[in-house]
Amino acid sequence: MDELELADRLKAALRRMPGPVALITTADPDTGAYAGLAASAIIPVSMAPPSMLVAVNRSASAHATIERAGRLCINLLCNSQTALVAPFAGMAPRETRFAGDDWAERDGLPYLPGAIVSIICRVERTQVFGTHELFIGTVQDVVAGTGTDPMGWIEGNFAQLRGLEPIDG
């Protein structure tokens, strides 16, 4: 099987793997201009030290700003925030991404008070792999949001996530 066919098969398989929906935000250290992107490739790395990993496509408009800033905020979205995703997932101008009163600022970074949670990280390590760069950051702050219904992503669409009954045992 050639690499292109393998990539297509993997992409189809991963569409079936549910993931979170987050807006990754940062601020340019020189101009203060906000930048961001939609992402589902985020995972906790460790609790000692508390740390997170975000995979960012190197062609994303926010990639260079995250590199320069060395800081980012992971805003885990709730179901009522679906309209916020489109401007961050496409080529919308930066000024439309942060328009409106949904946004606030904490420690110089844009965050969403209405999200499930916003996790502010300082980038400690990076690793380029293929089309993406992995940003591993230590958690500097965790801001509980007002959202209560986590948004998911599966089969190329938004999904509602909810807990199941615990397994007795």
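In this chain, numbering begins with 1 at the start of the sequence shown.
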| message | Counting C-beta onward and ignoring hydrogens, is there a side-chain heavy-atom pair between E124 and I136 closer than 4.5 Å? | response | no
| Closest non-hydrogen atom pair between D28 and T31, with its separation | OD1-N, 3.0 Å
| query | Regarding S51 and R125, is there a side-chain donor-to-acceptor distance under 3.5 Å anywhere? | reply | no
| message | According to side-chain contact (heavy atoms from CB on, under 4.5 Å), who are the partners of L10, at least two apart in sequence or on a separate chain? | response | L14
| query | Is there a chain of hydrophobic side chains (I, L, V, M, F, W, Y, each step under 4.5 Å between heavy atoms) that links V139 to F135? | reply | yes
| request: Tell me, please, which residues at least two apart from T146 pass side-chain hydrogen bond (donor to acceptor under 3.5 Å, both in side chains). | output: none
| Hphob cluster co-occupancy, L72 + V142, side-chain heavy atoms under 4.5 angstrom | yes
| message | Tell me every residue that passes side-chain hydrogen bond (donor to acceptor under 3.5 Å, both in side chains) with D102, counting only those two or more places apart in sequence or in another chain. | response | none
| field | By side-chain hydrogen bond (donor to acceptor under 3.5 Å, both in side chains) - contacts of Q81 (at least two apart) | value | none
| message | Going by side-chain contact (heavy atoms from CB on, under 4.5 Å), name the residues that satisfy it together with D2, two or more places apart in sequence or in a different chain. | response | L4, E5
| task | Check T26 against R71 and note the closest heavy-atom contact, atom names and distance. | result | OG1-O, 2.7 Å
In residues 151-160, what donor-acceptor pairs under 3.5 Å come from side-chain atoms, sequence neighbours left out?
| from | atom 1 | to | atom 2 | distance (Å) |
| --- | --- | --- | --- | --- |
| E155 | OE2 | R16 | NE | 3.4 |
| N157 | ND2 | E155 | O | 3.3 |

| Could you give the distance from CG (L77) to CG (L23), rounded to the nearest 0.5 Å? | 4.5 Å
| said: So, using ring-ring contact (aromatic ring centres under 6.0 Å, His included) as the criterion, who are the partners of F98 when residues are at least two apart? | reply: Y34, F88, W103
| task | Over all heavy atoms of both residues, which pair between A69 and A27 is shortest? Give the atoms and the distance, please. | result | CB-O, 3.3 Å
Per-pair distances, 0.1 Å, donor-acceptor, side chain in residues 112-120, under 3.5 Å, sequence neighbours excluded:
| from | atom 1 | to | atom 2 | distance (Å) |
| --- | --- | --- | --- | --- |
| S118 | OG | N75 | OD1 | 2.7 |

| message | Checking A89 now: which residues fulfil side-chain contact (heavy atoms from CB on, under 4.5 Å) with it, not counting sequence neighbours? | response | A38, V85
| Donor-acceptor contact below 3.5 Å, side chain S40 vs main chain G19 | no
| task | Please answer whether the main-chain N or O of G36 pairs with a side-chain N or O of R97 as donor and acceptor at a distance below 3.5 Å. | result | yes
| field | Which residues share a side-chain hydrogen bond (donor to acceptor under 3.5 Å, both in side chains) with D141, sequence neighbours left out | value | R106
| said: Membership question, hydrophobic clusters at under 4.5 Å side-chain separation (ILVMFWY): are I24 and V123 in the same one? | reply: yes
| said: Go through it in stages, so that I can follow the logic: the residues are L76 and I42, the test is side chain to side chain contact (heavy atoms under 4.5 Å, CB included), and I'd like the CA-CA distance, side-chain angles, deciding distance and then a yes or no. | reply: CA-CA 10 Å; L76 293 174; I42 55 173; 3.4 Å; yes
| Counterpart residues, ring-ring contact (aromatic ring centres under 6.0 Å, His included), relative to H132 (two or more places apart) | none
| Partner set under side-chain contact (heavy atoms from CB on, under 4.5 Å) for E165, not counting sequence neighbours | none
| query | Looking only at heavy atoms, what is the nearest atom pair of L134 and A55, with distance? | reply | CD2-CB, 3.6 Å
| query | Is there a path of hydrophobic side-chain contacts, each under 4.5 Å between heavy atoms of I, L, V, M, F, W or Y residues, that connects M52 with V56? | reply | yes
| field | Close side-chain approach of L164 to R162, heavy-atom, < 4.5 Å | value | yes
| query | Roughly how far, to the nearest 0.5 Å, is the CD1 atom of I74 from the CG atom of L109? | reply | 11.5 Å
| request: Applying side chain to side chain contact (heavy atoms under 4.5 Å, CB included), run through R68 and I66 and close with a yes or a no. | output: CA-CA 6 Å; R68 282 193 312 278; I66 294 170; over 6 Å; no
| remark: Scanning both residues in full, the closest heavy-atom pair of D149 with S80 reads OD2-N, 4.2 Å
